[in-house]
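Before I ask anything, here is the structure I am working with.
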Amino acid sequence: MNKHHHYKTTIQWTGNKGSGTSGYRDYERSHTISVENKTTIEGSSDPAFRGDKTKYNPEEMLLSSLSSCHMLWYLHFCAEAGIIVTEYTDHVTGIMQEAENGSGQFIEVTLHPNITVTDHSMIEKAEELHHKANEFCFIANSVNFPVKHIPIVLVK
């Protein structure tokens, strides 16, 4: 039997400068992203699309979602396998291709996790578990482009 999990978020446009969308340059792309009982996130579009560079854009949020989902599965599988991870940092990159008509899509995302484990004997298995995490990641399983990973595992 499949389980269903339901999620709710509220997006509210905050960029009305007084005349709404009366013209392409007459409004800001600013908005808030909120979930009940959680901190509000300020969003905008990418500066390439008239957005505010100090706010998160949807493209960054997509990369963050892929990375955090992968990390959470990875840490889960490491704990099960007796791999002791003490640090995890991911520097995610993505390529979005824009079409002539202005539409676009991501064609690739690459995770670059830097992981620290407690013993040299854990390195090989720690590297392998990225494949399993990628197979289980809910977000990676929901996108139509490859999610690659290039891990670096160190001992400290």
- Message: Quick check: closest heavy atoms across Pro151 and Ile115, and the distance to 0.1 Å?
- Response: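 Heavy atoms of Pro151 and Ile115 come nearest at CB-CD1, 4.3 Å.
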- Item | Closest approach of Cys137 to Leu66 (non-hydrogen atoms, all atoms of both residues) |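 That closest heavy-atom pairing would be SG-O, 4.2 Å.
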- Looking at Val147 and Asn134, what are the two nearest heavy atoms and their distance?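 Taking Val147 first and Asn134 second, the nearest heavy atoms are O-OD1, 3.5 Å.
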- Compute the ring centroids of His130 and His70, then answer whether they are less than 6.0 Å apart.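 When the ring centroids of His130 and His70 are compared, they turn out to be within the sub-6.0 Å range.
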- Message: Once rounded to the nearest 0.5 Å, what's the spacing between atom SG of Cys69 and atom CD1 of Ile139?
- Response: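 Cys69 atom SG to Ile139 atom CD1 measures 5.0 Å (nearest 0.5 Å).
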- Quick one: are Val155 and Thr118 in side-chain contact, heavy atoms under 4.5 Å?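 With C-beta onward as the side chain, the pair stays apart.
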- Message: Taking Phe49 as the starting point, is it possible to reach Tyr56 by hopping between hydrophobic residues whose side chains are less than 4.5 Å apart?
- Response: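 Tyr56 and Phe49: separate clusters.
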- Query: At their closest point, which heavy atom of His31 faces which heavy atom of Arg29, and how far apart are they?
  - Reply: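 Between these two residues, the closest heavy atoms are ND1-O, 3.0 Å.
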- Query: If two hydrophobic side chains count as joined below 4.5 Å and joins carry through other members, does Tyr74 share a cluster with Val92?
  - Reply: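 Per the 4.5 Å side-chain linkage, Tyr74 and Val92 are not co-clustered.
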- Item | Approximate separation, where rounding is to 0.5 Å, of Asp26 CG and Thr21 OG1 |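 Asp26 CG to Thr21 OG1: 9.0 Å, rounded to 0.5 Å.
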- Can you name the closest pair of heavy atoms from Ser44 and Gly51 and give their distance?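 Residues Ser44 and Gly51, closest heavy atoms: OG-CA, 3.4 Å.
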- Item | Check against side-chain contact (heavy atoms from CB on, under 4.5 Å), Asn114 and His91 | CA-CA 8 Å; Asn114 289 288; His91 302 283; 3.6 Å; yes
- Query: Does Ser103 use its side chain to pair, donor to acceptor, with the backbone of Ala99 at less than 3.5 Å?
  - Reply: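 Such a contact is absent between Ser103 side chain and Ala99 backbone.
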- Task: Dump the intermediate steps for side-chain contact (heavy atoms from CB on, under 4.5 Å) on Ile83 and Phe77, then the final yes or no.
- Result: CA-CA 8 Å; Ile83 307 298; Phe77 292 133; over 6 Å; no
- Task: To the nearest 0.5 angstrom, please state how far the NZ atom of Lys132 sits from the CD atom of Glu80.
- Result: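 Answer for the NZ-CD pair, Lys132 versus Glu80, is 6.0 Å.
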- Item | Connected via hydrophobic side-chain network under 4.5 Å: Leu111 and Phe145 |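 Shared cluster, yes.
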- Name the one of Glu59, Met96, Glu60 that satisfies side chain to side chain contact (heavy atoms under 4.5 Å, CB included) with Asp46?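 Of Glu59, Met96, Glu60, side chain to side chain contact (heavy atoms under 4.5 Å, CB included) with Asp46 is met by Glu59 alone.
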- Message: Could you walk me through whether Thr40 and Ile33 satisfy the side-chain contact (heavy atoms from CB on, under 4.5 Å) test, starting with their C-alpha distance in whole Å, then the side-chain angles of each, then the deciding distance to 0.1 Å, before giving a yes or no?
- Response: CA-CA 6 Å; Thr40 297; Ile33 304 164; 6.0 Å; no
- Task: Treating Ile, Leu, Val, Met, Phe, Trp and Tyr as nodes and any side-chain heavy-atom pair under 4.5 angstrom as an edge, say whether Leu154 and Ile84 lie in one connected cluster.
- Result: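 In one cluster: no.
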- Task: Verify whether one side chain among Ser67 and Asp90 offers a donor that lies under 3.5 Å from an acceptor in the other.
- Result: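 Per modelled atom types, Ser67 and Asp90 side chains form a pair under 3.5 Å.
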- Do you know the tightest heavy-atom contact between Val117 and Ala126?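 Closest approach of Val117 to Ala126: CG1-CB, 4.2 Å.
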- Query: When you check the side-chain N and O atoms of Ser30 and Lys55, is any donor under 3.5 Å from an acceptor?
  - Reply: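 Yes.
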- Message: On the six-membered ring of Tyr27, is Arg25 placed so that its NZ or CZ lies under 6.0 angstrom from the centre and within 45° of the ring axis?
- Response: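 Relative to the ring axis of Tyr27, which defines the angle, Arg25 lies outside at least one limit.
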- Going from CE on Met61 to CG on Asn57, what distance comes out if it is rounded to the nearest 0.5 angstrom?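 So the CE of Met61 and the CG of Asn57 are separated by 9.5 Å.
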- Same cluster for Phe136 and Val143 if Ile/Leu/Val/Met/Phe/Trp/Tyr side chains link at under 4.5 Å?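 In one cluster: no.
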- Gln105 CD to Gln97 CD distance, which is reported to the nearest 0.5 Å: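 Answer for the CD-CD pair, Gln105 versus Gln97, is 6.5 Å.
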- Going by an N to O cut-off under 4.0 Å, is there a salt bridge joining Glu28 and Lys17?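 No.
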- Query: Any chance the side chains of His131 and Glu135 put a donor and an acceptor closer than 3.5 Å?
  - Reply: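 Absent: no donor and acceptor within the cut-off.
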- Could you check if a side-chain atom of Glu87 sits within less than 4.5 angstrom of a side-chain atom of Val85, using non-hydrogen atoms only?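 A side-chain contact is absent here, since even the closest heavy-atom pair is not under 4.5 Å.
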- Does Tyr88 OH have over 12 foreign heavy atoms under 6.0 Å away?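 Yes, enclosed.
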- Query: Please walk me through it: do Ser34 and Thr10 pass side-chain contact (heavy atoms from CB on, under 4.5 Å)?
  - Reply: CA-CA 5 Å; Ser34 58; Thr10 300; 3.6 Å; yes
